[in-house]
Amino acid sequence: METATINTVAGPLSPELLKNMDAYWRAANYLSVGQIYLYDNPLLREPLKLSHVKPLVVGHWGTTPGQNFIYVHLNRIIIKYDLNLFYVAGPGHGGPAIVGNVYLEGTWSDVYPDFTRDEAGMKKLFTKFSFPGGISSHVAPTTPGSIHEGGELGYSLSHAFGAAFDNPDLIVACIIGDGEAETGPLATAWQSNKFLNPITDGVVLPILHLNGYKISNPTLLARIEHEELEKFLQGCGWTPYFVEGDDPETMHQLMAGVLDQAIADIKQYQGNARNNNDNTRPRWPMIVLRSPKGWTGPKEVDGLPNEGTFRSHQVPILVDAKHPEHLEQLERWMKSYKPEELFDKNGTLIPELVELAPKGNRRMGANPHTNGGILLRDLYMPDFRDHAVAIPSPGAVQLGDTTILGKFFRDIIKLNRDNFRVFGPDETLSNLLGAVFEVSNRQWDAKEKENDEFLAPSGRIMDAQLSEHQCQGWLEGYLLTGRHGLFNSYEAFIRIVDSMFSQHAKWLKVTKELPWRRNIASLNYLLSSHVWQQDHNGFTHQDPGFLDHVINKKADIVRVYLPPDANCLLSVFDHCLRSRDYVNVVVAGKHALPQWLTMDAAVIHCTEGIGIWQWASNDQESEPDVIMASCGDTPTLEVLAAVSILRKHLPDLKVRVVNVVDLMKLQSASEHPHGLSDQDYDSLFTKDKHIVFAFHGYPWLVHRLTYRRTNRNLHVRGYKEEGTITTPFDMRVQNDLDRFHLVQDIVDRVPNLGAKGDYLKQMMKDKLIQHKHFIDVHGEDMPEILNWKWNQSDDN
């Protein structure tokens, strides 16, 4: 438990610097233990009492001393080489380490002035840590210098690379816990070095922290042979340097030497690349730090080994009324750091240690990249109206919406060569956004072959690795450091990053409550190849459930848009790319569908988010008999087809057609800022008429959003988990979202239709039987369905 005596050994650190760096490390460790345990008596200037200890002790010690060790050494190289460098804490539960170090360097007090750099401020820091209404026990948005939440286990390296893209002078030190290294996202993130341009991008310095244990199990990378680990990391394209041991003196010198070598490598690689325009992929350096879990903590507790075991993961010593004997052990442990040598009589860090921290924005807690809104520049936006689809009449033109959107993205890339990227898991072409490749390649720094397409060491398209985790992590890191972008994906497989989305939404929620955190660009999703267009891939590719997941988050964070055509899609994305601090989810199809609105009409419709399509309705002079509503491109097609049938066979039926672009309009204004007031909702949907609603996703989502509304006569058709490899129209039939089922819904619910209603209902049943027979015999849709278009003679 006692701190080892520092002796002079060979290495880059002078005896004085070695002594001071070890003292700084002890100060960080002392603050870390104090945060976990103490409620009072922060400098132990009186004998420790049970009343000085928090009634509920919560925190994580095991990873903390190793992270403190890394932090002080990164401070040294920042000063020595004048580096623009910040720290990503992958083992996020090491909150005491980052909070303590940010406090020591002064950034915490800059952001939170009531946490003064003296005994009173230290007491407040200790008291508030992991305390109700206080400081989170893990690295959080409230922690200056952080772009990575403690709950995001596995994403640190992806975030670090996202931060490094287009930041040529930046170094991102990414500390990776060995438990974290076992996750899928981290395992694939080792490959990010194949997507880093040494000329135009910064660099990531991974530091794999092997302390041997997770919560109660050993870690895999700590238990394989040194040679196997080294070859694994070399096989991933890295040059690993090892720092291994437990003696502080030796470890300080080893770490200092390895960091000097790593910075020399980085400068050499970047110098060669930038001076000789050489994009050849370097084998970038990384560090493996092997140190005991709970290093410098209690060797034993209650007769059981603690330091260097899983038992040090959280709180090593339980101190309460039931264990008074532990109080003395805690006091000995804290005094082993010799706080009287580290802090003056006021509780302020002594001057020679203060000098070890960088100054101003070179402090890792104050690096502007960690508060990306400071650096955020607006995008140069082309006029989306330049890509307007000419609509001579509703439904007269058929084309794929994302094909048009791709041209808009192309123009954005042309105007924003260092500030905007498109991310996706090898699906940019599949989602028919191929126009972007007219102005940019995919960024790729691995081997190329003759028949490859659109690969280059520099590019704005990040879709050459088939990993949704990587795309999400890269984009988050890019946004959090002050840039713009979007993530395009197959709708069904965006579910792979459900938890990553959740953590980012939580991050945004917390940062909105922090006045010092600047706004960042919104995280924009384009979900294409959606559930109604996966007829050829079948059931596995059919899942619209991301929408259900998204709307669980705070109403001031999430936005969901389902534009019905290309002009609406252009208007929606122009809005999304200009927005700040949201998660915007946009669902749009890629296959050719009828186009409905002129650009002027689309802008008005999207600005409102919901509206009556008067040209498709016939209730202008009276109350409607029924409302037919749609949300999504395919549901809109089927609703208008159903209305066309009703017009032909029941011309006296008054039908109001309502289209929803902004899904959150359905919620009450008291629940979501985009929600309609009850008065406005009733003006669209009435208080008592039947509503037949065709929805892109699971039907119960619409019921959930509208449960507080007056009109309870709501009947929703949507995806009900029926799917296979079949035709597009048959997919709709299997889920009762087709025009024939919609017409049946109307006939079933509108009274007094008489013989005409009975006839039409039977006709729809016959049509469904014919469809089933046609599919069984021909394996394709009936010609009358394929040839259908909006009947202009019925157009009002």
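Below, all heavy atoms of this structure are taken into account, side chains as well, without hydrogens, waters or symmetry copies.
- At distances below 3.5 Å, at least one donor-acceptor pair connects side-chain atoms of Asn371 with backbone N or O atoms of Arg518.
- In this pair, Tyr112 and Trp108 present their aromatic rings tilted. The plane angle is within the 30 to 60° band.
- Taking the six-membered ring for Trp and the full ring otherwise, Phe195 and Phe161 have centroids separated by 6.0 Å or more.
- With Phe165 as the aromatic partner, Arg421 meets the cation-pi criteria of under 6.0 angstrom to the ring centre and within 45 degrees of the ring axis.
- For Phe69 and His252, the ring centers are positioned less than 6.0 Å apart.
- Between Asn211 and Thr63, the shortest heavy-atom distance links the atoms ND2-CA, 3.8 Å.
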Leu523 vs Leu486, test: side chain to side chain contact (heavy atoms under 4.5 Å, CB included). Steps then yes/no.
CA-CA 7 Å; Leu523 196 162; Leu486 66 100; over 6 Å; no
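- Taking every heavy atom of both residues into account, Val497 and Glu468 meet most closely at CG1-O, 3.4 Å.
- Shown here for Asp201 and Gln270, the closest heavy-atom pair between the two residues is O-NE2, 4.2 Å.
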Go through the steps for Ile207 and Val288 under the test side chain to side chain contact (heavy atoms under 4.5 Å, CB included), then give the verdict.
CA-CA 6 Å; Ile207 301 176; Val288 179; over 6 Å; no
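- Closest approach of Arg76 to Asp260, counting heavy atoms only: NH2-OD1, 2.9 Å.
- Here Asn75 contributes atom CG and Lys80 contributes atom NZ; the two are 14.5 Å apart, rounded to the nearest 0.5 Å.
- Of the possible donor and acceptor atoms, none in the side chain of Trp190 sits under 3.5 Å from a partner among the backbone N and O of Asn193.
- Using bins of under 30°, 30° to 60° and over 60° for the plane-to-plane angle, the ring pair Phe409/Phe420 lands in the tilted bin.
- The residue from Asp278, Thr280, Asn272 that alone fulfils the side chain to side chain donor-acceptor pair (under 3.5 Å) condition with Asn276 is Asn272.
- Gly485 approaches Leu577 most closely through the heavy-atom pair O-CD2, 4.3 Å.
- Taking 4.5 Å as the limit, some side-chain heavy atom of Phe86 sits within range of a side-chain heavy atom of Leu170.
- The aromatic rings of His93 and His138 lie perpendicular to each other, with more than 60° between the two planes, well past the 30° mark.
- At least one donor-acceptor pair closer than 3.5 Å links the side chain of Asn488 to the backbone N or O of Phe423.
- Contact detail for Asp166 and Arg483: the closest heavy-atom pair is CB-NH1, 3.5 Å.
- Of the N and O atoms on the side chains of Gln503 and Lys506, not one donor lies less than 3.5 Å from an acceptor on the other residue.
- Looking only at distances, a side-chain donor or acceptor of Thr511 sits under 3.5 Å from a matching main-chain atom of Trp507.
- Under the 6.0 Å cut-off for aromatic ring centres, Trp25 and Trp295 qualify, their centroids lying closer than that.
- Residues Phe242 and His226 bring their aromatic ring centres within 6.0 Å.
- Between the His484 side chain and the Arg377 main chain, a donor and an acceptor come within less than 3.5 Å of each other.
- The closest donor-acceptor contact from the side chain of Thr143 to the backbone of Ser146 lies at 3.5 Å or more, if one exists at all.
- Aromatic rings from Phe437 and Phe454 are positioned such that their centres are separated by under 6.0 Å.
- Within the 3.5 Å criterion, the main-chain N or O of Met500 finds no donor-acceptor partner in the side chain of Glu152.
- The aromatic rings of Tyr269 and Trp284 stand perpendicular to each other, their planes meeting at an angle above 60°, with 30° marking the opposite boundary.
- With 3.5 Å as the limit, one finds a donor-acceptor pair spanning the side chains of Tyr71 and Glu105.
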